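Reviewing the structure listed below.
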Amino acid sequence: MKNEFRCVSVIGLGYIGLPTAAMLASRKIKVVGVDVNQLAVDTINRGEIHIVEPELDIVVQAAVTQGYLRATTRPEPADAFLIAVPTPFKGDHEPDLSYVEAAAKSIAPVLKRGDLVILESTSPVGTTEQMAVWLAQARADLSFPHQRGEQADISVAYCPERVLPGRVVHELVSNDRVIGGMTARCSRRATELYKNFVEAECIPTTARTAEMCKLTENSFRDLNIAFANELSIICDKLGINVWELIKLANHHPRVNILQPGPGVGGHCIAVDPWFIVSKTPDAARLIHTARQVNDGKPHYVVDQVVAAAASVDAPVIACLGLSFKPDIDDLRESPAMEVVHLLAARKIGRILAVEPHIAEVPASLAGFGNIELTSPEDAIRRANIVVMLVSHRSFYEIDRTMLQDKQLIDTRGVWQ
Ligand code: SAJ
């Protein structure tokens with residue numbers, strides 16, 4: 001089949017946009033990446049990357065060197081536009097769609113008849129239709145699927161990303177994709193674009209179902225982690241080792257409990273369930289409770305540390321890990337960061353933070369003045385309380401004889 005997409009523009013060059021742009025470019029499609037961050041644009045144009053993701057540097061470097069990938073701060077004409085911008089929530093857990101709106105308005109002036117616009121950002125149900133309305137308001141000379149159905153000048157689809165940070169390059173190719181076109185033709189065209197690099201199935205559906213599918217996947221995981229986190233608190237009260245308990249229960253052929261931790265982080269699982277709750281607050285009771293259980297876990301860990309600190313003179317607390325999950329540098333919505341933040345605010349002692357993937361104390365923690373970033377060995381040697389917050393691979397290599405005489409709070413089961 002002839003590829004109708006000779007030039008693709010990816011709006012938002014973050015954890016999803018950049019790998020997707022690089023994969024398309026690796027299939028010899030001309031890709032123009034657009035981002036408001038000039039530093040990110042310059043870095044990419046040098047063939048380098050501004051995020052930590054295994055193997056991505058090699059793909060980006062090859063794509064830039066061969067001339068298939070270029071970054072800029074201003075949208076340019078293309079045959080397809082793929083929007084991968086953040087969709088955070090506001091203080092009241094209401095979704096903030098301002099980045100999607102800004103992206104739509106930024107590409108509107110360069111749209112032409114026949115173009116395809118795909119939204120990839122995790123979004124509340126109805127956002128794709130809203131995006132089409134924003135585009136139509138900016139371009140009254142073009143028609144959109146909510147106005148002219150299959151006859152529209154512009155095709156619009158919602159195609160959520162489902163890749164796991166740390167495995168993005170692999171999963172972009174091997175994960176099945178849900179393709180939610182605003183019409184059947186929109187789905188067919190979006191499938192054609194993704195088939196350039198997706199080796200797995202591309203399954204067509206409606207835009208609304210695709211939006212809900214993404215939210216459902218992450219809410220399912222949030223609920224299951226909430227179950228593990230609740231179990232960990234119950235087991236503490238009953239004097240049972242939760243890690244052993246879960247291992248034993250998982251021997252049952254139809255039981256597969258996830259792992260407890262200091263809470264749930266990242267920009268996805270800790271956020272997306274709220275998009276369901278905010279639309280249907282009365283119906284989403286279980287989903288809402290799971291969020292509350294997981295959001296309560298950092299406070300539970302802080303209470304454990306405070307209790308331990310009460311029994312030592314001059315507490316020095318080593319906090320191992322700041323990222324939201326193992327072996328990445330991403331601190332977004334990190335429960336480990338929240339624990340350190342809450343501890344620092346309590347001013348119960350000096351905090352020695354360890355995070356091998358960053359070079360300095362994050363700005364949000366630096367102001368406290370009682371936090372230092374150091375190596376695991378130095379932190380453990382100087383501390384009397386050691387809190388394991390992230391199970392980075394390198395932490396398993398810590399010499400356990402160093403932990404003798406320390407009070408341990410292992411939220412991840414690394415030392416169980
Ligand atoms: N976590 C636990 N216990 C577990 C598993 C995870 O406490 O047993 C914690 C992690 O430490 C982390 C948080 O949950 O703080 C989320 O980590 P994760 O590995 O479960 O997921 P993410 O946020 O990295 O990626 C998820 C994935 N979604 C699902 O697995 C359903 C990924 O496929 C999505 O593409 C991504 O969200 C996204 O972008 O939405």
Side-chain angles (χ1 to χ4, degrees), residues 12 14-20 51-54 84-89 119-124 158-172 174-178 200 210-233 242-243 246-247 249-250 255-276 287 290-291 293-298 300-301 320-339 388-393 395 410-414:
Y15 285 85
I16 299 302
L18 180 56
T20 305
I51 53 178
V52 172
E53 180 59 44
V85 295
T87 43
F89 54 56
L119 179 62
E120 279 213 9
S121 312
T122 303
S123 302
Y158 180 74
C159 305
E161 57 78 17
R162 318 161 110 173
V163 290
L164 196 69
R167 287 177 48 80
V168 169
V169 173
H170 171 74
E171 290 204 359
L172 269 179
S174 63
N175 285 0
D176 291 340
R177 283 205 87 128
V178 176
E211 287 163 343
M212 188 60 186
C213 185
K214 169 70 190 194
L215 303 180
T216 301
E217 291 160 11
N218 281 351
S219 299
F220 172 86
R221 194 152 168 90
D222 195 44
L223 243 115
N224 282 280
I225 300 169
F227 181 67
N229 278 334
E230 186 165 294
L231 273 181
S232 72
I233 296 171
V242 69
W243 316 100
I246 290 175
K247 214 181 270 175
N250 284 350
V255 173
N256 185 14
I257 302 168
L258 294 177
Q259 299 299 302
V264 167
H267 186 56
C268 310
I269 294 190
V271 176
D272 302 355
W274 290 115
F275 292 177
I276 299 180
I287 295 172
R291 271 293 65 243
V293 169
N294 287 334
D295 276 354
K297 196 67 197 293
Y300 178 79
V301 175
L320 302 194
L322 293 178
S323 61
F324 88 85
K325 66 183 215 170
D327 304 318
I328 59 169
D329 71 332
D330 195 340
L331 307 182
R332 291 181 298 175
E333 314 287 334
S334 167
M337 282 285 286
E338 190 179 353
V339 167
M388 173 58 81
L389 292 169
V390 185
S391 46
H392 287 313
R393 254 191 303 267
F395 291 167
D410 182 1
T411 71
R412 294 283 183 180
V414 169

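Note that ligands are numbered from 1 as they come in the structure, with each ligand's atoms numbered from 1 the same way. It should be emphasised that the depicted structure is a prediction, and the values quoted were computed from it without experimental measurement.
In the vicinity of P165, heavy-atom distances shorter than 4.0 Å reach the ligand 1 atoms 24 (O), 25 (O). Near L164, meaning under 4.0 Å from one of its heavy atoms, ligand 1 places the atoms 19 (O), 21 (O), 24 (O), 25 (O), 27 (C), 32 (C). Contact atoms of ligand 1 toward E161: 35 (O), 38 (C), 39 (O), 40 (O) (distance under 4.0 Å to a heavy atom of the residue). Close contacts of ligand 1 with C268, meaning ligand atoms under 4.0 Å from a residue heavy atom, involve 36 (C), 37 (O), 38 (C), 39 (O), 40 (O). Close contacts of ligand 1 with L258, meaning ligand atoms under 4.0 Å from a residue heavy atom, involve 8 (O). Taking every non-hydrogen atom of E217 and a distance limit under 4.0 Å, the qualifying atoms of ligand 1 come out as 31 (C).
In this structure, G266 does not count as a contact residue of ligand 1, since none of its heavy atoms falls inside 4.0 Å of the ligand. Residue contact annotation: R167 has no non-hydrogen atom under 4.0 Å from ligand 1. At least one heavy atom of K214 sits closer than 4.0 Å to an atom of ligand 1.
For atom 4 (C) of ligand 1, the closest non-hydrogen atom on the protein side is Q259 O, 3.5 Å. Scanning the protein for heavy atoms near atom 33 (O) of ligand 1, the closest one is R162 O, 2.7 Å. Summary of contacts: the protein heavy atom closest to atom 20 (O) of ligand 1 is R221 NE, 2.5 Å. The shortest contact between atom 21 (O) of ligand 1 and any protein heavy atom is with I269 CD1, 3.5 Å. When hydrogens are left out, the protein atom nearest atom 12 (C) of ligand 1 is F324 O, 3.3 Å; that is the closest non-hydrogen contact. Among all protein heavy atoms, the one lying closest to atom 14 (O) of ligand 1 is I225 CD1, 3.4 Å. With respect to atom 31 (C) of ligand 1, the closest heavy atom belonging to the protein is N218 OD1, 3.2 Å. Of all protein heavy atoms, the one lying nearest to atom 17 (O) of ligand 1 is K325 CD, 3.7 Å.
Closest approach of G263 to R412, counting heavy atoms only: O-NH2, 4.5 Å. Counting all heavy atoms, side chain and backbone alike, L258 lies closest to I246 at O-CD1, 3.6 Å. Y15 and D330 make their closest contact through CZ-OD2, 3.7 Å (heavy atoms, listed as atom of the first residue, atom of the second, distance). Across every non-hydrogen atom of R162 and C213, the tightest pair is NH2-SG, 4.1 Å. Smallest separation of non-hydrogen atoms from S123 and E211: O-CB, 4.0 Å.
K297 and T411 share no side-chain donor-acceptor pair at under 3.5 Å.
Ionic pairing of R177 and E120 is present here: one or more N-O contacts between side-chain nitrogen and carboxylate oxygen are shorter than 4.0 angstrom. Salt-bridge annotation for K214 and E161: present, with a side-chain N of the basic residue lying under 4.0 Å from a carboxylate O of the acidic one.
Using a 4.0 Å cut-off between heavy atoms, R412 contacts ligand 1 through its side chain alone, with no backbone atom that close.
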Test Y300 against I233 for side chain to side chain contact (heavy atoms under 4.5 Å, CB included), laying out the working first. CA-CA 8 Å; Y300 178 79; I233 296 171; 3.8 Å; yes

C268 vs T122, side chain to side chain contact (heavy atoms under 4.5 Å, CB included): CA-CA, chis, key distance, verdict: CA-CA 8 Å; C268 310; T122 303; 5.7 Å; no

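Proximity of a side-chain donor or acceptor of R332 to a complementary backbone N or O of G266 within less than 3.5 Å is not detected.
Annotation: V163 places an N or O atom under 3.5 Å from an N or O atom of ligand 1; distance criterion only. Distances between N or O atoms of G265 and those of ligand 1 include at least one value under 3.5 Å.
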Considering only distance and modelled atom types, tabulate donor-acceptor pairs under 3.5 Å from the side chains of residues 224-231, sequence neighbours left out.
from	atom 1	to	atom 2	distance (Å)
N224	ND2	F220	O	2.6
N229	OD1	G261	N	2.9
N229	ND2	N294	OD1	2.9

